Amino acid sequence: MRYIAVFILALIFWLLITFRFTVPNLIAGSLAALICSAIFARYYFHNVYKFLQPHRYLWFCVYLFFFGWACIKANFDVAYRVLHPRMPIKPGIVRVKTTLRSEFAKTLLANSITMTPGTITVDVIGDDFYVHWIYVESEDPEVYTKMITGKFEKYIKRFAE
Amino acid sequence: MTDLLTILLFLQIALSVACLYRIIRGPTIPDRMVGIDIFGILVVGICAIISIQTEKSFILDIGIAWIILSFIGTLTLAKYLSGKKLNE
Amino acid sequence: MITIILICIGVLFNIFGCVGLIRLPDVYNRLQAATKCVTLGCCSILLGVVFHYGLSDAGFKALFAIPILFFSATVAAHALIRGAYHFGTKLGEKSVKDDYKEVVK
């Protein structure tokens with residue numbers, strides 16, 4: 001089942017990259033997709049049926065919108081810290097707990113943390129994220145867990161768990 | 001429009017020179033590697049601007065290939081930094 | 001016209017990122033400023049390319065380059081910052097907190 005999913009995704013990717021719908025191109029693409037799915041499909045998609053539930057796509061669009069806004073905010077934050085003459089930084093590494101379970105969701109959350117204002121993920125061990133924060137605003141674990149992961153966790157949980 | 005694109009292209013190349021400054025002067029080895037990583041991303045922007053200026057779309061292929069090669073190179077360097085063998 | 005505006009915004013973000021790469025004091029802060037600003041700047045330039053070519057093969061190539069660039073840049077940043085910590089680089093002297101020290105012997 002998961003071999004078929006990887007095969008279809010690879011074929012769509014090939015067709016959009018080459019952008020020619022002729023028969024030789026289709027044959028070459030399906031050959032390449034077959035090789036790719038035979039080698040790499042065992043690492044992906046432990047539950048393929050998630051692709052068939054339409055409400056996940058809706059929440060993915062909401063997440064994408066929210067994430068783009070956070071990215072733009074992150075850029076202006078960095079610009080403020082860099083162009084300020086005294087550079088208001090107070091860096092530190094904090095530990096953040098997450099409630100997500102699957103590997104894919106954890107990877108997505110780590111990437112989101114990296115692109116949001118002032119934080120970058122250093123390491124993930126079990127349920128703990130170690131996050132480098134450019135301006136440590138509070139010392140209380142509950143407060144900074146809510147500040148760092150709370151915004152994204154609830155959207156990611158809806159479409160990736 | 002073409003003049004403005006040329007100015008932007010030269011600005012982007014000047015930024016890559018700034019990365020070269022960090023690569024040459026970086027006090028420690030991780031500093032130099034950060035410079036290499038950022039340089040690899042900036043080249044993709046240069047490829048995109050050249051592709052608009054000359055109206056040739058194959059330069060975007062060079063850009064995509066450059067992203068993937070620079071990604072693999074950075075991963076290898078990071079593996080070397082953390083002191084492991086490459087097959088671990 | 002929208003192409004030119006998006007490319008200008010992208011180059012502006014790249015300038016912020018490179019100023020951060022030169023001015024900030026230690027590896028972690030440099031990596032943070034540079035990887036955020038430069039990745040979003042190059043994504044903005046590629047979005048400008050998408051609007052320039054429209055729905056053709058080059059447009060789709062540029063559109064697919066955006067997620068590839070995003071994921072490769074963020075994963076490279078994780079790998080690099082983790083490698084720098086294991087290499088033994090100290091946090092800068094302005095740092096206030098280090099929870100990761102107990103995990104790494």
Side-chain angles (χ1 to χ4, degrees), chain B residues 1 4-5 7-9 11-12 14-19 21-22 25-49 51-52 55-61 63-64 66-68 70-84, chain C residues 1 3-4 7-8 10-12 14-15 17-22 26-28 30-31 33-35 37-39 41-50 52-53 56-62 64-65 68-73 75-90:
Chain B
M1 171 152 167
L4 190 56
L5 270 181
I7 293 171
L8 291 174
L9 184 61
L11 265 176
Q12 192 86 359
L15 291 179
S16 333
V17 174
C19 280
Y21 169 82
R22 181 49 71 200
R25 285 291 305 277
T28 60
I29 296 173
D31 279 315
R32 294 167 209 261
M33 291 185 180
V34 173
I36 292 169
D37 184 27
I38 302 304
F39 183 78
I41 302 175
L42 279 175
V43 169
V44 180
I46 294 177
C47 283
I49 296 178
S51 137
I52 285 188
E55 293 283 339
K56 290 191 174 66
S57 69
F58 75 93
I59 299 178
L60 282 173
D61 291 339
I64 295 177
W66 190 288
I67 298 172
I68 297 170
S70 125
F71 173 56
I72 295 171
T74 310
L75 282 193
T76 314
L77 290 177
K79 203 87 176 179
Y80 155 72
L81 265 188
S82 58
K84 288 180 182 164
Chain C
M1 195 57 215
T3 307
I4 290 291
I7 291 178
C8 283
V11 174
L12 196 68
N14 284 350
I15 290 173
C18 284
V19 170
L21 186 65
I22 288 180
D26 67 336
V27 186
Y28 306 100
R30 273 175 201 150
L31 190 58
T35 193
C37 276
V38 173
T39 306
C42 281
C43 283
S44 173
I45 291 176
L46 284 170
L47 206 62
V49 176
V50 172
H52 181 261
Y53 282 116
S56 64
D57 58 342
F60 271 106
K61 264 175 213 161
F64 268 104
I68 295 174
L69 177 61
F70 228 89
F71 278 98
S72 70
V75 174
H78 296 319
L80 214 50
I81 197 168
R82 187 163 172 275
Y85 201 97
H86 283 264
F87 184 70
T89 314
K90 296 276 183 295

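All of these numbers come straight from a predicted model, not from anything done at the bench. Note on naming: letters A, B, ... go to the chains in the order of the sequence lines (proteins, then strands), and numbering restarts at 1 for each one.
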- ring pair (Phe, Tyr, Trp, His ring centres under 6.0 Å) filter on C/Tyr53, not counting sequence neighbours, yields none
- B/Ile41 versus chain C, heavy atoms under 4.5 Å apart: side chain, backbone, both or neither? both
- Considering only heavy atoms from C-beta outward, does the side chain of B/Ile64 approach that of C/Phe64 to under 4.5 Å? no
- Message: Less than 4.5 Å to any heavy atom of chain C: does that hold for the side chain of B/Ser51, its backbone, both, or neither?
- Response: both
- Message: As an exercise: rank B/Leu11, B/Leu4, B/Asp61 by heavy-atom pairs under 4.5 Å with chain C and give me the winner.
- Response: B/Asp61
- Message: With chain B as the partner, which of C/Gly10, C/Cys42, C/Gly17 has the greatest number of non-hydrogen pairs under 4.5 Å?
- Response: C/Cys42
- For C/Phe70, the ring pair (Phe, Tyr, Trp, His ring centres under 6.0 Å) test, sequence neighbours excluded, returns A/Phe67
- How about B/Phe71 and C/Phe71: do any of their side-chain heavy atoms sit closer than 4.5 Å? no
- When you check the gap from the basic side-chain N to the acidic O, do B/Asp31 and C/Arg30 get nearer than 4.0 Å? yes
- Message: I need the residue from C/Leu80, C/Ile45, C/Ile81 with the largest number of non-hydrogen atom pairs under 4.5 Å to chain B.
- Response: C/Leu80
- Checked B/Thr28, B/Val44, B/Leu42 vs chain C; the most non-hydrogen pairs under 4.5 Å come from B/Leu42
- Note on the structure: With chain C, the option among B/Ile49, B/Leu5, B/Leu60, B/Ile29 that has the most non-hydrogen atom pairs under 4.5 Å is B/Leu60
- Mind ranking B/Leu75, B/Val34, B/Thr74, B/Ile68 by heavy-atom pairs under 4.5 Å with chain C and telling me who comes out on top? B/Val34
- Message: Quick check: do B/Ile46 and B/Ser16 have side-chain heavy atoms less than 4.5 Å from each other?
- Response: yes
- Query: Got B/Arg32 and B/Arg25 here, is their nearest side-chain heavy-atom distance under 4.5 Å?
  - Reply: no
- Query: Checking C/Ser44 against chain B: side chain, backbone, both or neither under 4.5 Å from a heavy atom?
  - Reply: neither
